[in-house]
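One structure is given here, and the rest of the page talks about it.
When reading the values below, keep in mind they use all heavy atoms of this one structure, side chains included, and skip hydrogens, waters and symmetry mates. This structure is a prediction, so every number in the text was calculated from the model and none was measured. Residue numbers start from 1 in every chain, and the chains themselves are labelled A, B, ... in the order their sequence lines are given, proteins ahead of strands.
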2 protein chains.
Amino acid sequence: MTAPDLLNPAPDASPKRPRGRPRKTLVERDDGNRRQHLITAAARLFRRQGFDATSTRDIAAAVGMHSGSPFYHFKSKNALLYAVIEEGMHSAITRQTAALQEDAQAQVGHPLGQIRALIRSHFETLLGPGNDFVPVMLYEHRALSERQRTALTQLREDYEAPWKPVLQALHDSGHLQASVKLSRLLILGALNWSVQWFDQKKGASLEELTQAAIALFFKEC
Amino acid sequence: MTAPDLLNPAPDASPKRPRGRPRKTLVERDDGNRRQHLITAAARLFRRQGFDATSTRDIAAAVGMHSGSPFYHFKSKNALLYAVIEEGMHSAITRQTAALQEDAQAQVGHPLGQIRALIRSHFETLLGPGNDFVPVMLYEHRALSERQRTALTQLREDYEAPWKPVLQALHDSGHLQASVKLSRLLILGALNWSVQWFDQKKGASLEELTQAAIALFFKEC
DNA sequence: CCTACCGATCGGTAGG
DNA sequence: CCTACCGATCGGTAGG
């Protein structure tokens with residue numbers, strides 16, 4: 001405990017608000033933090049309990065707010081879900097782009113190296129520590145509104161776009177036998193489903209997972 | 001319309017109940033039908049809207065009951081969910097067993113024929129018309145109680161048991177390169193995810209899907 | 001961002 | 001299986 005001073009005034013000295021106009025940068029940073037805390041907490045709860053089974057009161061409590069306060073930051077529970085999903089897709093696309101660039105610098109764009117980068121990056125997005133955002137998208141997007149779903153479809157297409165030429169090249173070179181379209185759907189499904197069974201503590205590492213997936217899907221020629 | 005008789009008494013002749021002790025077989029058959037209607041309607045609604053987003057009133061209305069009546073047949077909404085899932089797993093196991101027997105008679109147990117039968121049967125369980133039960137299991141089992149989940153784990157192990165020796169044989173013969181355990185998890189994931197994107201109206205048939213999956217996962221040697 | 005609150009909905013039950 | 005109902009919870013809001 002410190003004695004009352006200018007920053008911690010005695011109770012009789014208007015304890016409610018700081019004097020003068022609040023500094024804008026500080027206020028915005030605080031707002032951004034609170035909003036971000038809500039998104040992060042919501043992602044975790046939505047992933048663990050599901051969207052419907054998570055109340056906005058749960059989320060408020062997780063960040064130390066009262067029950068009505070999340071609606072100061074988000075106009076509805078749905079908007080909060082969409083914010084979670086949008087952030088997940090943006091970071092997934094960022095991670096994927098970086099992985100492809102790293103690979104391009106190392107290997108002059110061999111398609112097997114590219115698909116390896118895509119799969120490894122995808123596993124990290126799904127299974128990396130604290131990465132609850134994309135799993136929420138995969139399993140809770142049904143709760144989105146029509147307009148939100150439309151916007152999400154665009155993000156998913158952006159994300160999947162780099163897979164198509166890589167799989168086409170692997171098909172042309174004989175490493176992939178099934179059709180490119182069905183292969184993409186089946187491969188992404190196999191990866192996405194890992195959210196259901198992968199256990200960080202025991203079992204395989206993401207690197208082992210990646211190698212197994214490549215050995216399963218692609219021929220050596 | 002038929003004239004009032006012993007089976008359809010006139011209104012003044014105690015219309016509430018038939019006289020005497022109800023014939024047990026008839027009563028049980030009626031109960032079974034109502035119960036079965038509830039399970040079927042619940043499966044459809046749970047699949048379309050999710051478990052949490054479906055109210056017991058929705059289910060009651062779908063079979064022409066009033067709001068409290070489903071609880072005459074099931075002691076809780078959860079018990080109804082478990083009935084849906086249990087029926088789905090039983091019919092999946094039955095279908096799978098029959099598929100393996102058909103294949104055994106035709107091909108003397110070639111592992112490639114066996115895996116083909118397993119995959120084709122799995123797609124039918126997931127994507128066949130009216131087969132909502134197993135998809136509900138895949139996406140709503142989180143809502144089960146601990147005891148229900150334990151019982152379900154046994155059913156899932158029973159279902160997956162035939163896959164292990166078949167995949168092991170394919171691994172030994174060089175048709176499968178990745179480890180048997182990770183292969184099984186990734187393959188079943190790829191198939192299960194088809195629930196998310198398969199459209200009965202357009203797109204591929206279950207037969208084309210099966211062929212694509214086999215071409216994707218297994219080497220020709 | 002808190003306080004106090006509202007209308008709606010939900011799973012479930014008693015009693016017949 | 002219906003009728004009538006209950007307690008609890010929930011998303012969301014007004015007003016500060």
remark   = Contacts satisfying salt bridge (Lys or Arg N to Asp or Glu O under 4.0 Å) that involve residues 118-143 of chain B (not counting sequence neighbours) are A:E140-B:R142, A:R142-B:E140, B:R47-B:D132, B:R120-B:E124, B:R120-B:E207
Sidechain-backbone polar pair: A:Q196 side chain, A:W193 backbone, donor-acceptor under 3.5 Å = no
ask   = According to a 3.5 Å limit on both distances, what stems of 3 or more consecutive Watson-Crick or G-U pairs are formed with DNA chain C?
value =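 Stem list for DNA chain C: C:1-16 with D:1-16.
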inquiry  = Under 6.0 Å from the ring centre and within 45 degrees of the ring axis: does the NZ or CZ of A:K77 meet both conditions for the six-membered ring of A:F51?
reply    =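 The answer is yes, since A:K77 meets both limits relative to A:F51.
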note = salt bridge (charged side-chain N to carboxylate O under 4.0 Å, His left out) filter on B:R149, not counting sequence neighbours, yields none
key: Minimum heavy-atom distance B:V84-B:A42, with the two atoms named   = CG2-CB, 4.1 Å
Spacing of A:I59 atom CD1 relative to D:dC10 atom P, expressed in whole Å = 11 Å
query = For nucleotides 11-16 of chain D, read 5' to 3', which letter fits each nucleotide if B means a protein heavy atom sits under 4.0 Å from the base, S means only the sugar-phosphate is that close, and - means neither?
reply = BBB---
Residue pairs fulfilling side chain to side chain donor-acceptor pair (under 3.5 Å) with at least one residue in residues 80-94 of chain A, sequence neighbours excluded =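 Sorted pair list: A:Q36-A:E87.
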inquiry  = Please list all pairs meeting ring-ring contact (aromatic ring centres under 6.0 Å, His included) that have one or both residues in residues 117-138 of chain B, counting only residues at least two apart or in different chains.
reply    = B:H122-B:Y159, B:H122-B:W163
key: Pairwise side-chain contact, B:L127 with B:Q200, heavy-atom cut-off 4.5 Å (strictly under)   = no
